[in-house]
Amino acid sequence: MQRKRTDWGMYMKNMDWWEQGRFGMFIHFGIYAVTEGAWEGEVVPTLVEWMQFRKQIPLERYKQLAEGLTLEKFDAREYARLAKAAGMKYVCITAKHHDGFAMYDSTYSDYNVVKMTPSHRDVVRELAEEVRRAGLKMCVYYSHALDWEDPDAFGNTWDYPEAGKVFRQFLDGKCKAQLKELLTEYGEIGMVWFDMPRGMTVEESREIKAWVEKFQPDCLVSGRIHMDQTVGDYGCMGDNEFPSGRLPGRWETPATLNNKWGYSAYDQNWKSPEELLRLLIELLSKGMNYLLNIGPKPDGSIPKESVEILEEMGKWVSRNAEAVYGTQATPYDFDFPWGRISRKGNRLYLYLFEHMDNLALPGLENEVKNAYLIQENGKVEVPFTITEEDNGKLVQLRIPSSTNPCYDVIGVELDGEPGVKQGLFELPDGQVSLFSHMAALHKLTDGGHESSLEGQEASAAAEKNNILLDTEFCVDPNGNILNWFDTENFVSWNFEMNHTGIYEVYVQTRSAKYQPWVGGHEAEAICGAQRITSVLACGEKVTNAHSRYFDEKLSLLGRLELQKGRNHLELHLCKCNPEEKAGFLVTRVLLKRTVKEQ
């Protein structure tokens, strides 16, 4: 069976500030910034903060980088100003990353920014003071398993042979001592963001969580404290990733402005404000938080591109503040092709990916009191009509002309908490998307096919970037069917159609992360007595907030006649292309009406 993510605890901590805030600043800053993305004249295509590990740099040589962390332009007030201008509500800095170098004045270890850099400045203390002065929450990142300076921590085997390591000595020594320093000497800490718990037992991770709570009981602990993220107070998606549907529990996505976390002079692949806002909208519609990173230069200044991007994002966030802070996930089980939806109280917020004149919102159970378009100079009334349909009320919105540069937001006030039709059903444009996170997965077992309707709730304990712990046929948090190699396994959906007619059947598949799309799988769709089989050729490229990391294509499988009312469709893998090492990665099946009954 697929694994569940349902035991997240009782949420006894006060998480209001975190859920209200929705948007935070991540800061990856350390002596790795001095490399600027290169080592010994070679540009290294790796994450900058992993430079020491990737190049196996001897510790004594790596330590010399501290002299280059001048901090002559480090201005904590500017960091706080920028976070606030972007609309962020909390700030999280790498107090100690995997290299073991502390960005504060640690009394436990002299391997820190005050003792070893020319300026002798306590970056965490200065930042904490300015962040709180700006009315924001101060948080810290701490690497609790990897530490390439400590002989007993995981990671550094070129200086310290694995055979001689005693992890307990690191845990009881440097790890706990430095966490105590941060939690007792630097004021209120809203959250400790742990990361990369490889090698730690669940008992050790729970011990560290309890250690944090001993000093600050309400301090949040990120899900990456352990491979089973339910050990933490909330879950972390893979870097720059988002789910295709609602996830149980509370979640956050860490993301970058370009391709790197720490500063790289060679990474000029900056994302546009529009691309980054698209990810924010995706996350808001899932009730998730967005932790967006900057990587300062070794002199402490923030790259001008980062400043410009965040300030531009802040304009949209400021204008649409009511549709950002404190919002919850969409009440619908699926996303609409025209945009995304979130909710707050008795309001729905509709985020439009493109300017539109008309918009149809089906399946509503409430009465609509009013609708409005949010603009810079206030709210503009949106006229609407309501008709009763088989799937509930159909609200037709006539959208006035907009002066917004991107992503219009429409507020829809209802007569109570939003109620909508659940399940999958045909939209007014004649389409229905059968998302993988809503599929029943049928896995062959000794007793025959075992079925589950858990879908995305079966996402399992996933490591950073959602690397699963085994090769189980399942749905991951991103909404992909994973590890589909066995042709005996299949998936199915139940859905409702408004009309009898002929529908084109498309299968949307994805590459593995950072890999090109391969395709070439032979698939079959079955609906009643009808069967269509085809080899999936390269089709239309799918563009979304994942496009930079995943190559997705929409491939035509064939046509089916579907009946008005309830339908059942199965998708089978007939032959897996061995060139696609990740298997048959299915995101959804799209049905598009071509001929309607007369």
Side-chain angles (χ1 to χ4, degrees), residues 26 28 30 32 46-47 49-54 56-57 59 62 92-104 106 108-109 111-112 139-183 189 191-215 219-239 252 254 261-262 291 461-469:
F26 217 170
H28 274 66
Y32 42 81
T46 187
L47 298 177
E49 62 277 9
W50 281 79
M51 184 72 73
Q52 182 185 8
F53 180 87
R54 300 301 182 203
Q56 305 280 282
I57 303 171
L59 178 60
Y62 185 78
C92 182
I93 187 172
T94 50
K96 179 184 77 76
H97 208 273
H98 306 323
D99 61 0
F101 187 83
M103 292 298 288
Y104 71 98
S106 173
Y108 180 86
S109 170
Y111 193 49
N112 68 67
C139 308
V140 295
Y141 171 114
Y142 189 86
S143 179
H144 64 311
L146 298 180
D147 189 310
W148 305 325
E149 183 265 344
D150 192 284
D152 292 304
F154 296 123
N156 186 343
T157 56
W158 57 96
D159 286 305
Y160 308 116
E162 192 71 41
K165 293 180 179 292
V166 181
F167 182 68
R168 171 53 63 178
Q169 291 186 188
F170 164 73
L171 207 64
D172 288 339
K174 185 177 183 179
C175 180
K176 286 186 175 180
Q178 290 193 329
L179 284 171
K180 181 179 179 181
E181 291 170 353
L182 289 165
L183 292 163
I189 301 297
M191 165 183 63
V192 179
W193 215 94
F194 293 106
D195 195 16
M196 299 297 287
R198 292 178 178 178
M200 292 187 70
T201 66
V202 67
E203 291 79 15
E204 288 168 339
S205 293
R206 287 174 178 154
E207 180 182 337
I208 291 301
K209 183 170 187 267
W211 185 255
V212 170
E213 293 166 346
K214 174 182 178 180
F215 302 106
C219 181
L220 302 185
V221 171
S222 72
R224 290 191 188 177
I225 193 170
H226 188 68
M227 301 285 278
D228 176 0
Q229 294 206 40
T230 62
V231 174
D233 294 313
Y234 66 90
C236 299
M237 288 290 293
D239 300 345
E252 178 183 64
W261 297 91
L291 189 58
E463 191 194 358
K464 182 177 182 180
N465 294 326
N466 303 316
I467 302 171
L468 297 182
L469 300 178

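All heavy atoms count here, side chains included; hydrogens, waters and symmetry mates do not. It should be emphasised that the depicted structure is a prediction, and the values quoted were computed from it without experimental measurement.
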Drop me the distance from I189's CD1 to C92's SG, to the nearest 0.5 angstrom. 9.5 Å

Looking only at non-hydrogen atoms, find the nearest pair between L146 and M196 and report the distance. CD1-CB, 3.9 Å

Sub-4.5 Å side-chain heavy-atom contact between Y104 and I93: no

Student check: side-chain heavy atoms of E204 and R168 closer than 4.5 Å: yes

Side chain to side chain, W193 and L291, heavy atoms closer than 4.5 Å: yes

Minimal heavy-atom distance between E162 and T157, with the atoms involved, is OE1-CG2, 3.1 Å

Quiz question: by atom type and distance under 3.5 Å, do the side chains of Y142 and Q178 form a donor-acceptor pair? yes

Looking only at non-hydrogen atoms, find the nearest pair between S106 and N112 and report the distance. O-ND2, 3.2 Å

Exam field: side chain S222 to backbone F194, donor-acceptor pair closer than 3.5 Å: yes

Relative to the ring of H28, is the ring of W261 parallel (under 30°), tilted (30 to 60°) or perpendicular (over 60°)? tilted

Can you find a heavy atom in the side chain of I225 that is under 4.5 Å from one in the side chain of V212? no

Parallel, tilted or perpendicular for F215 and W211, by the 30°/60° rule? perpendicular

Closest non-hydrogen contact found for G223 with C236 is N-SG, 3.9 Å

Supply the atom-to-atom distance D195 CG to R198 CZ, rounded to the nearest 0.5 angstrom. 9.5 Å

Going by an N to O cut-off under 4.0 Å, is there a salt bridge joining E252 and R224? no

Check this for me: does any side-chain nitrogen of one of D147 and K165 sit under 4.0 Å from a carboxylate oxygen of the other? no

Should H97 and Y141 be marked as a side chain to side chain contact (heavy atoms under 4.5 Å, CB included) after you check the CA-CA gap, both sets of side-chain angles, and the distance that decides it? CA-CA 7 Å; H97 208 273; Y141 171 114; 3.2 Å; yes

Do D233 and K209 come close enough that some side-chain heavy atom pair is under 4.5 Å? yes

Could you give the distance from NZ (K176) to OH (Y108), rounded to the nearest 0.5 Å? 12.0 Å

Rounded at 0.5 Å granularity, tell me how far CD in E149 sits from CG in D99. 9.5 Å

Do K96 and Y111 make a side-chain contact, defined as non-hydrogen atoms from C-beta onward lying under 4.5 Å apart? no

Looking at E49 and G262, would you say the former's side chain and the latter's main chain have a donor-acceptor pair under 3.5 Å? yes

Looking at side-chain heavy atoms only, is the closest gap between I208 and M200 below 4.5 Å? yes

Using ring-ring contact (aromatic ring centres under 6.0 Å, His included), reason through Y62 and W148 one step at a time and then give a plain yes or no. CA-CA 10 Å; Y62 185 78; W148 305 325; 7.7 Å; no

I'd like to know if K174 pairs up with D152 as an ion pair, taking the criterion as any Lys NZ or Arg NE/NH1/NH2 lying under 4.0 Å from an Asp or Glu carboxylate oxygen. no

Quick one, E207 and D172 - any side-chain contact, counting heavy atoms below 4.5 Å? yes

How many angstroms lie between CG in L59 and CG in D150, if you round to the nearest 0.5 Å? 10.0 Å

Checking side chain to side chain contact (heavy atoms under 4.5 Å, CB included) for the pair V192/L182: CA distance, chi angles, key distance, verdict? CA-CA 10 Å; V192 179; L182 289 165; over 6 Å; no

Rounded to the nearest 0.5 Å, what's the gap from NE2 on H226 to OG1 on T201? Could you check? 7.0 Å

